[in-house]
**Student:** 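Quick one: the structure is below, and I'll ask about it shortly.
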Amino acid sequence: GAVVLVVAALGAFVANWGPTVWREARAGPYRGPPAYQTVESTPGAIDYLRRLGSPPPVVLAPPDRAFELFGLAGARTAILPEARTRALPLLNEAQRNHLGQAFFSPESTDARRLQVLRELRVEYVVVDLRDQPPDVVTAVLHDPALEPVYRDPADVPAHLGRFVILRVRP
């Protein structure tokens, strides 16, 4: 009786965790960093934003890219990942991130995007051609309030994003 109970308990454990253990063992100890730990901003986009001078521009980009641009290009970002700002509750980052999500939403109209840009005082928008949904990319690239000023070349390595930077028209 006790042996059957132990085998049944171990069988459930092996059935549940066996595929994960097997996958991790097959992958080996020498793997690249997880995707959430890799920098995807391109040297060209970073350099473009750095050259804009002082004071640094306010940039709207997807939160993880915005964090990279803040650190690598010295840009001021309209939104940041919530996990990076939790210790600063007075920033009201949840509201700002909600506006950023509204800007990059496929349902947003040109008028709504312009409202978000004005409310966040954005000067430049960064769009990732590889990572963002195609309908969002198309809508943002054709937004009359935005003017393309930088585009990464087509041969950017696959592990990086491919960016278009748009200036907000006055």
**Student:** Find the distance between CZ (Arg162) and CD (Glu40) and round it off to the nearest 0.5 Å.
**Tutor:** 15.0 Å
**Student:** Should Tyr48 and Val140 be regarded as members of a common hydrophobic cluster, given that ILVMFWY residues are connected when their side-chain heavy atoms come within less than 4.5 Å of each other, either directly or indirectly?
**Tutor:** no
**Student:** From Ile165 CD1 over to Leu52 CG, what is the distance, rounded to the nearest 0.5 angstrom?
**Tutor:** 7.5 Å
**Student:** Can you measure from CG (Leu69) to OG (Ser41) and round to the nearest 0.5 angstrom?
**Tutor:** 4.0 Å
**Student:** Report yes if the side chains of Leu60 and Val126 come closer than 4.5 Å at any heavy-atom pair, otherwise no.
**Tutor:** no
**Student:** Scan Val58, Leu99, Val59, Thr77 and name whichever one has a side-chain contact (heavy atoms from CB on, under 4.5 Å) with Leu120.
**Tutor:** Leu99
**Student:** Between Val122 and Val116, does a side chain to side chain contact (heavy atoms under 4.5 Å, CB included) hold up when you go through it step by step?
**Tutor:** CA-CA 8 Å; Val122 172; Val116 169; over 6 Å; no
**Student:** Backbone N or O of Pro134 within a donor-acceptor pair of the Thr138 side chain at under 3.5 Å?
**Tutor:** yes
**Student:** Can you list the residues that meet the side-chain contact (heavy atoms from CB on, under 4.5 Å) rule with Asp47, with sequence neighbours excluded?
**Tutor:** Arg51
**Student:** Taking only residues at least two apart or on different chains, which pairs with a member in residues 99-146 satisfy ring pair (Phe, Tyr, Trp, His ring centres under 6.0 Å)?
**Tutor:** none
**Student:** So which pairs with a foot in residues 7-21 pass salt bridge (charged side-chain N to carboxylate O under 4.0 Å, His left out), sequence neighbours left out?
**Tutor:** none
**Student:** Group every Ile, Leu, Val, Met, Phe, Trp and Tyr by side-chain heavy-atom contacts under 4.5 Å, then state whether Leu49 and Val125 land in the same group.
**Tutor:** no
**Student:** What salt bridge (charged side-chain N to carboxylate O under 4.0 Å, His left out) pairs are there with at least one residue in residues 106-125, not counting sequence neighbours?
**Tutor:** Arg76-Glu123, Asp110-Arg113, Arg113-Asp143
**Student:** Using the side-chain contact (heavy atoms from CB on, under 4.5 Å) criterion, which residues pair with Pro19? Sequence neighbours excluded.
**Tutor:** none
**Student:** Using the rule that two of Ile, Leu, Val, Met, Phe, Trp, Tyr join whenever any of their side-chain heavy atoms come within less than 4.5 Å, decide whether Val149 and Leu141 are in one cluster.
**Tutor:** no
**Student:** Is there a path of hydrophobic side-chain contacts, each under 4.5 Å between heavy atoms, that joins Phe163 and Val168?
**Tutor:** no
**Student:** Take Leu117 and Leu146 through the side chain to side chain contact (heavy atoms under 4.5 Å, CB included) test and state the conclusion after the steps.
**Tutor:** CA-CA 10 Å; Leu117 293 172; Leu146 301 170; 3.9 Å; yes
**Student:** Any side chain to side chain donor-acceptor pair (under 3.5 Å) involving residues 145-156? Give me the pairs, sequence neighbours left out, ordered by first then second residue.
**Tutor:** Thr42-Asp152, Glu147-Arg167, Tyr150-Asp152
**Student:** So, for Pro56 and Gly74, which heavy atoms are closest and what is the spacing to 0.1 Å?
**Tutor:** CB-O, 3.1 Å
